[in-house]
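To start, the structure under review is shown below, and the notes come after it.
Hydrogens, waters and symmetry mates play no part in the numbers below; they use all other heavy atoms, side chains included.
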Amino acid sequence: FEAGTQTPSGWKLNGASEKFRFSRDTNTRFEGGASVKIEALENGVASLQSDAFYPVPQGEFSFSCHYQAIGEWKKAQLVVQ
C-alpha cells in the first residue's frame with residue numbers, strides 16, 4: 001500500500017461503495033509507510049483485490065496480513081493448497 005494518494009495504487013475494494021470507505025492511511029501502519037483503511041458504515045462484506053495477477057506453480061501457499069481492531073494489532077493467516 002506504499003504507492004498512491006487517496007487510495008493505494010493497484011488495489012480496489014469489492015463491496016457496496018455506500019457501505020464502506022476505502023483509503024490509504026499513512027498514520028496507522030504495521031510496517032512500511034502506509035496501510036489500507038476500510039471503514040464499515042453499515043453491516044456488509046468487503047474485500048480487497050489487487051490489480052496484479054501472477055501465475056504460481058502447484059503447491060501450498062500461505063497468506064497473512066496484520067490488521068488493527070479496537071486499537072490492537074492482530075494477524076490473520078490463510079493456507080491454500
Side-chain angles (χ1 to χ4, degrees):
F1 309 116
E2 300 299 311
T5 53
Q6 297 296 318
T7 60
S9 296
W11 292 88
K12 68 179 180 180
L13 179 68
N14 295 319
S17 60
E18 69 276 1
K19 292 185 178 184
F20 300 95
R21 267 190 287 219
F22 166 59
S23 62
R24 182 173 178 265
D25 187 350
T26 56
N27 295 316
T28 304
R29 59 201 184 275
F30 186 76
E31 290 181 354
S35 66
V36 64
K37 182 183 230 177
I38 301 172
E39 296 176 89
L41 305 174
E42 43 182 284
N43 290 338
V45 175
S47 63
L48 281 179
Q49 181 177 336
S50 171
D51 290 342
F53 174 77
Y54 303 100
V56 294
Q58 285 187 318
E60 184 175 287
F61 298 90
S62 177
F63 300 90
S64 65
C65 70
H66 286 87
Y67 64 96
Q68 193 175 41
I70 312 171
E72 182 180 342
W73 283 104
K74 300 181 183 212
K75 182 177 182 179
Q77 190 160 2
L78 172 68
V79 176
V80 179
Q81 294 184 340

task: Output the distance between atom CZ (Phe20) and atom CD1 (Ile38), rounded to the nearest 0.5 Å.
output: 8.0 Å
- request: Before giving the answer on side-chain contact (heavy atoms from CB on, under 4.5 Å), spell out for Trp73 and Thr28 the whole-Å C-alpha distance, their side-chain angles and the decisive distance to 0.1 Å.
  value: CA-CA 11 Å; Trp73 283 104; Thr28 304; 4.0 Å; yes
query: Which residue pairs pass the salt bridge (Lys or Arg N to Asp or Glu O under 4.0 Å) test when at least one of the two sits in residues 39-60, sequence neighbours left out?
result: Arg21-Glu39
message: Could you walk me through whether Asp25 and Val36 satisfy the side-chain contact (heavy atoms from CB on, under 4.5 Å) test, starting with their C-alpha distance in whole Å, then the side-chain angles of each, then the deciding distance to 0.1 Å, before giving a yes or no?
response: CA-CA 6 Å; Asp25 187 350; Val36 64; over 6 Å; no
task: For residues 4-13, pull every pair meeting side chain to side chain donor-acceptor pair (under 3.5 Å), keeping only residues two or more places apart or in separate chains.
output: none
- request: Before giving the answer on side-chain contact (heavy atoms from CB on, under 4.5 Å), spell out for Leu41 and Lys19 the whole-Å C-alpha distance, their side-chain angles and the decisive distance to 0.1 Å.
  value: CA-CA 5 Å; Leu41 305 174; Lys19 292 185 178 184; 5.6 Å; no
query: Nearest heavy-atom pair of Glu2 and Gly33: which atoms, and what distance?
result: OE1-N, 2.9 Å
task: Tell me, please, which residues at least two apart from Ser47 pass side chain to side chain donor-acceptor pair (under 3.5 Å).
output: none
- prompt: Can Leu48 and Phe1 be said to form a side-chain contact (heavy atoms from CB on, under 4.5 Å), step by step?
  reply: CA-CA 11 Å; Leu48 281 179; Phe1 309 116; 4.0 Å; yes
